[in-house]
Protein chains: 2
Amino acid sequence: MKTLKDVALYAGVSVATVSRVISGNYPVKETTRKRVLEAIGTLDYHPNGVARSLKNAKTYTLGVLVPDIANPYFVQLVRAVEASVEKLGYHLLVASSDEKASKESELIRVFLEKRLDGMIIAPVSVTPATDWPQLIVNALPIVLVDRILEGIMIDSVREESRQSSKELVTHLLGYGHRAIGIVNGRTSTTALERESGYREALQEAGIIPPEDFMVRGDYDHKTGYLAGKRFLSHKEQAPTAVFCTNNLIALGFLQAVHELGYRVPEDISIVSFGDPFEATFQSPKMTIVVQNPAEVGRYAAFMLLEKLDGKPGKNVEVILPTVIRLGDSVRAPREPAQMYSN
Amino acid sequence: MKTLKDVALYAGVSVATVSRVISGNYPVKETTRKRVLEAIGTLDYHPNGVARSLKNAKTYTLGVLVPDIANPYFVQLVRAVEASVEKLGYHLLVASSDEKASKESELIRVFLEKRLDGMIIAPVSVTPATDWPQLIVNALPIVLVDRILEGIMIDSVREESRQSSKELVTHLLGYGHRAIGIVNGRTSTTALERESGYREALQEAGIIPPEDFMVRGDYDHKTGYLAGKRFLSHKEQAPTAVFCTNNLIALGFLQAVHELGYRVPEDISIVSFGDPFEATFQSPKMTIVVQNPAEVGRYAAFMLLEKLDGKPGKNVEVILPTVIRLGDSVRAPREPAQMYSN
DNA sequence: CAGATAAAAGTAAACGTTTTCTGTATTTAA
DNA sequence: TTAAATACAGAAAACGTTTACTTTTATCTG
């Protein structure tokens, strides 16, 4: 690949002049500018961004670290971030932590070494790994999305989760359900919040759910599928309604229900978090807390860009409101509610 | 951020020694190694990857350029690429061209300037933009995915498309359909191949489809939706079956059908390209050509890594086979087939 | 047309690494 | 105990930019 020096030689000027033509920040005589531009064209010169980044201490690249890049929720989020930052010339290094703290640490290290200008992270766990405090010290611009960390104040954007979970479960209670299960993630704040909303709703109804109604697994298809199989294989002791805390879990659960020959909502009612469009042609149409990952992404991008711009930044914690969209995945339990209250 | 110099100063050695400790490629006395490692730890030193890349002419970053990063097809593809290259220490810069040649050019330029080690691209158009030839000359390792370019030989991986399109349409013909529409993309090779398969099947049946049965738009939801509205708003002249050439188009078309109060396959039969899992709970279950983007991604990654390894490379053109999965989105047309043959 | 001033272009240092080339301890052999 | 060999460690150049500083060239004024 050609360098400034090659161009300079060809155009018969110094490298400084070529650099100035390219940057456009300095006066260059029109005739020489022409000559340089021509040289650049014929030599097919492309500036070396690496050298430039070294000199300028700026890479124009942002790191995005999500648990699963294939989860539609994060796909939407990432796309919104990309769309928000592209006009300012930033590009994205996207990576998946697979919900593993070790991979998260490793990738943060990579981001650091690559000298990315900032990062957007959906942390794996509530309790920050050892690397996190360093990060803060290093003052690298960070915005957390979807989840937060306990004990460390970092700018974050997420969607309301506890209250809406409570409402979902209350909705089920309103239909007469008493045996209500939950299929949840494990380590993230969202998982805790959603479980907390679930518990609150039940508590206010005087219900204490049995331990085996509460599944803690991963935010993935498999967890939902296995939970569905487990719940429904002993139908008599199964919950009459289930709260799936995430879109993938809901999908997996649904598949299990179908495979076992049961139907929603005739045999079991389901509510979940999800994307209204994704579910458009699903049968049945699910009653969901409508999530808006794109909005989360836009906010996160905005906040990160502000920081990059040198704005002071006062550790904002943005919580976006959510709404519930009713579908037809809920109806009253067929049998009289078994008594799990005490 | 700390530098080698800081560490060297702190440990009382030269920068060269610190560098050698880090790389591990040179002999360093155990006691000094310890001292250096300690310095690195207490100073929280992270090597500057930018400087390293400049020196080594290697960024360990690959560019991935797809038309739409939110399309599940490309999401799967990208994820497979990521999974394939991560163990070798490569990371991904992902960007969307939005099916715009201008954006594609721009992003290729960015990739070039960032000195990425290689790129994987799903080109927007069959006819290469002016930048493409340069790319080849620059000998930057490239692998095309999903689509190819006319007139330039570049390694590529894609799925068989023409023959399977033909089979899909033949399947429709077998059910007695004669008025068969197609909703397609515009510029890519896949669009051409799918249309070509469609035409062949019809031709062999002695049918020449009217121009307005052939919609050419984008590979997106909207194109499918609009086509659906258009076809079905004049039901009497509408096709009795439609071939949607892509998952998003199919989804959009389906939505239009639903909104207009029609049903599949009672009122109209549909076949398409798609992902068998995505469609699991769709009603109806679509008859599709099963695509396997992950496999495409794995192949592309493998081929790119080979090139990066300095393997000669002989311009391979990989075409992965596809299979058809029958669903229940097709049945015989209700009214006697109108005659479009001649 | 000389001298002052403004404009344009050149020189060289710096960014933070890696690595070749040297130099100095330390070990080994005689 | 000394010469040769080996093992470590340092100095400095190089990667390709940007930019402060300096020098050259062009322009202006009287």
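Naming: A, B, ... by sequence-line order, numbering from 1 per chain.
- Using a 4.0 Å heavy-atom cutoff across all strands shown, B:N56 reaches sugar-phosphate atoms only and no base atom.
- Residue whose closest nucleotide on DNA chain C sits further toward the 5' end, between A:T31 and A:V15: A:T31.
- When the nearest nucleotides of DNA chain D are assigned to A:T17 and B:A16 by heavy-atom distance, the more 5′-ward of the two goes with B:A16.
- Put simply, the side chain of A:D98 never gets that close to the backbone of A:K100: no donor and acceptor are under 3.5 Å apart.
- Rounding to whole angstrom units, CZ of residue B:R20 and P of C:dT18 are separated by 11 Å.
- Residue contacts shown for B:T32 are limited to sugar-phosphate atoms, with no base heavy atom under 4.0 Å away.
- Nucleic acid contact class of B:S53 (heavy atoms, under 4.0 Å, all strands): none.
- Pairing each heavy atom of A:T3 with each of A:Y45, the nearest pair is C-CE1, 3.5 Å.
- What separates OH of A:Y60 from P of D:dT17 is a distance of 17 Å, to the nearest Å.
- Note: CZ (A:R33) to C1' (C:dA9) measures 13 Å, nearest angstrom.
- If you take CD of A:E30 and P of D:dT25, they are 21 Å apart, rounded to a whole angstrom.
- Of the side-chain N and O atoms in A:R52, one or more sit less than 4.0 angstrom from OP1 or OP2 of D:dT18.
- In this entry the distance linking NZ of B:K114 with C1' of D:dG16 reads 16 Å, nearest Å.
- By the 6.0 Å contact criterion, OH on A:Y60 is open, its count of non-hydrogen atoms from other residues, nucleotides or ligands being 12 or less.
- Nucleic acid contact for B:V13: sugar-phosphate only, since backbone atoms but no base atoms lie under 4.0 Å from a heavy atom of the residue.
- In this structure, the nucleotide among D:dG16, C:dT20, C:dT18 sitting nearest to the side chain of B:Y26 is C:dT20.
- Taking side-chain N and O atoms only, B:S19 has a distance below 4.0 Å to OP1 or OP2 of C:dT18.
- Between the side chain of B:T17 and the backbone N or O of B:V13, no donor-acceptor pair lies under 3.5 Å.
- Applying the side chain to side chain contact (heavy atoms under 4.5 Å, CB included) test between A:V64 and each of A:V78, A:I69, A:L77, A:L116 identifies A:V78 as the sole match.
- Distances were taken from every side-chain heavy atom of B:P27 (C-beta onward) to each of D:dC8, D:dT17, C:dT11; the shortest belongs to D:dC8.
- At whole-Å resolution of the value, NZ in B:K58 and P in D:dA14 are 25 Å apart.
- When distances run from any side-chain atom of B:S14 to the nucleotides C:dT18, D:dA11, C:dC15, the shortest one goes to D:dA11.
- If you measure from atom CG of B:L54 to atom P of D:dT17, you get 9 Å, rounded to the nearest angstrom.
- In terms of position along DNA chain D, the nucleotide closest to B:K29 lies nearer the 5' end than the nucleotide closest to the other residue of the pair B:K29 and B:R115.
- Taking 4.0 angstrom as the limit, B:T3 places none of its side-chain polar atoms (N or O) nearer than this to OP1 or OP2 of C:dG16.
- One atom, CG of B:N25, and another, P of C:dT20, lie 11 Å apart when rounded to the nearest Å.
- Counting any heavy atom pair closer than 4.0 Å across all strands shown, B:V28 reaches sugar-phosphate atoms only and no base atom.
- With A:S19 as reference, A:L4 is the one residue of A:L4, A:V36, A:N25 to meet the side chain to side chain contact (heavy atoms under 4.5 Å, CB included) rule.
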